[in-house]
Amino acid sequence: MNLRLTPNTMPVAVRPSLLGGQAASPLGGAQAGGFSGALKSALNTVSAAQNDATRLQREVQLENPQVSLEETMVAIQKAQIGFQATLHVRNRMVQAYTDIMNMQV
C-alpha cells in the first residue's frame, strides 16, 4: 500500500521528475504545457484519487476480503484533501480574475 503524497504546489523547477526527461526551458523551467497543462494534470490526479476511493468504498461495502478498511479510509482522506486543495486553487483563481477585471486602466 503506497501512502506517499506528492506535493503539487512545488515549482516545476524543483520537481525535475515531472518534466518527463525533458530539459528545462530557458524561460524559468516552465514545461511545454505551461500552467494549463499543470492544472489539467492536477485535476486528472484528483479525479483519479476520487475514483479510486469510490471503487474501494464499493469493494468494502460488498465485503471483499482483499480490500481493507484502513486502505479505504486512507484513499478517502487523500481524495478529500486533493479536492479541498483544488477548491482553494479555484477560489484563488476566481479572486485573481475578479481583481484584474476590477482594475482601472
Side-chain angles (χ1 to χ4, degrees):
M1 175 170 36
N2 184 6
L3 299 178
R4 185 172 183 184
L5 297 175
T6 57
N8 291 327
T9 58
M10 293 173 50
V12 175
V14 179
R15 297 181 287 161
S17 62
L18 291 182
L19 292 174
Q22 300 173 353
S25 72
L27 299 175
Q31 59 186 9
F35 179 76
S36 63
L39 184 62
K40 189 173 188 177
S41 172
L43 289 175
N44 288 337
T45 303
V46 170
S47 178
Q50 289 179 332
N51 291 338
D52 186 45
T54 302
R55 181 185 58 79
L56 288 173
Q57 280 180 330
R58 189 177 319 114
E59 291 297 324
V60 166
Q61 289 172 351
L62 295 174
E63 298 179 2
N64 185 349
Q66 296 177 348
V67 178
S68 68
L69 180 62
E70 294 83 8
E71 180 183 5
T72 304
M73 295 303 291
V74 168
I76 291 169
Q77 288 298 316
K78 286 170 90 172
Q80 183 179 9
I81 290 169
F83 179 75
Q84 288 175 353
T86 303
L87 190 63
H88 285 297
V89 169
R90 190 227 32 196
N91 290 342
R92 293 268 178 126
M93 289 176 57
V94 169
Q95 183 63 43
Y97 176 79
T98 304
D99 291 345
I100 290 171
M101 292 306 294
N102 288 334
M103 284 184 185
Q104 294 183 356
V105 180

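- Residues Ala53 and Ala75 come closest through the heavy atom pair CB-O, 3.7 Å.
- Atom CD of Glu70 is separated from atom CE of Met73 by 9.5 Å, given to the nearest 0.5 angstrom.
- Atoms NE2 and CZ, from His88 and Phe83 in turn, are 10.0 Å apart once rounded to the nearest 0.5 Å.
- In the hydrophobic clustering of ILVMFWY residues, with side-chain heavy atoms under 4.5 Å counting as a link, Val74 and Leu69 come out apart.
- Interatomic distance, Glu71 CD to Ile76 CD1, rounded to the nearest 0.5 Å: 11.0 Å.
- Partners of Arg55 by salt bridge (Lys or Arg N to Asp or Glu O under 4.0 Å), not counting sequence neighbours, listed by chain and number: Asp52.
- By the rule that hydrophobic residues join a cluster once side-chain heavy atoms approach within less than 4.5 Å of another member, Leu43 and Ile81 end up as members of separate clusters.
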Table please: side-chain donor-acceptor pairs of residues 91-98 below 3.5 Å, with sequence neighbours left out.
from: Asn91; atom 1: ND2; to: Leu87; atom 2: O; distance (Å): 3.4
from: Gln95; atom 1: NE2; to: Asp99; atom 2: OD1; distance (Å): 2.9
from: Thr98; atom 1: OG1; to: Val94; atom 2: O; distance (Å): 2.8

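- In this view, Glu59 and Asn64 satisfy the side-chain hydrogen bond (donor to acceptor under 3.5 Å, both in side chains) rule, not counting sequence neighbours.
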